[in-house]
Amino acid sequence: MIAWANFLLVLGALLAIALATYRIVQGPQHADRIVALDIFLAAAVALCVAASLHTGRTVFLDVGIGLALVGFVATIGWARLVDKGVGS
């Protein structure tokens with residue numbers, strides 16, 4: 001049962017990465033690209049959880065927590081940069 005859940009988790013993360021890649025390439029605004037980068041980070045956290053479930057090691061959960069923290073700070077930074085403008 002866990003193997004199927006892990007497979008669906010990886011499949012969903014890869015689908016999210018594919019859709020986010022499309023949004024980065026075709027995004028009409030910078031905000032769309034920032035959200036797509038945030039989706040990349042969420043998919044990376046999901047892949048860390050999947051790796052932890054598959055191997056039974058908790059070190060991947062620590063990596064996922066670190067990615068989530070760095071991703072949150074990076075998203076706030078990018079949002080502030082886009083809100084103020086590059087030249088301001």
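Predicted model only: the values in this text are computed from it and were never measured. Positions are given from 1 along the sequence.
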query: So Leu37 and Thr75, side-chain contact (heavy atoms from CB on, under 4.5 Å) or not? Walk me through it.
result: CA-CA 8 Å; Leu37 288 173; Thr75 302; over 6 Å; no

field: Contacts of Ala20 that satisfy side-chain contact (heavy atoms from CB on, under 4.5 Å) - sequence neighbours left out
entry: Ala36, Ile39, Phe40

- request: Drop me the distance from Ile24's CD1 to Asp32's CG, to the nearest 0.5 angstrom.
  value: 10.5 Å

query: Nearest heavy-atom pair of Ala44 and Leu67: which atoms, and what distance?
result: CB-CD1, 3.9 Å

query: Do Trp4 and Leu11 share a hydrophobic cluster, counting only Ile, Leu, Val, Met, Phe, Trp and Tyr and linking them when any side-chain heavy atoms are less than 4.5 Å apart?
result: yes

Same cluster (ILVMFWY, side-chain, under 4.5 Å), Leu41 and Ile34: no

- prompt: Yes or no on side-chain contact (heavy atoms from CB on, under 4.5 Å) for Leu15 and Leu19, after CA distance, side-chain angles and deciding distance?
  reply: CA-CA 6 Å; Leu15 179 65; Leu19 292 173; 4.3 Å; yes

message: Using only atom types and a distance under 3.5 Å, with no angle test, would you say the side chain of Arg33 pairs donor to acceptor with the backbone of Gly27?
response: yes

Atom CD1 of Ile76 with >12 non-hydrogen neighbours under 6.0 angstrom: yes

What pairs of donor and acceptor atoms, side-chain ones from residues 50-63 against any protein atom, are under 3.5 angstrom apart with sequence neighbours left out?
from	atom 1	to	atom 2	distance (Å)
Ser52	OG	Arg57	O	2.8
Thr55	OG1	Ala51	O	2.9
Thr55	OG1	Arg57	N	3.4

message: What verdict does the side-chain contact (heavy atoms from CB on, under 4.5 Å) test give for Val10 and Asn6, after you've listed the backbone C-alpha separation in whole Å, the side-chain angles of each residue and the deciding distance to 0.1 Å?
response: CA-CA 6 Å; Val10 170; Asn6 199 16; 4.2 Å; yes

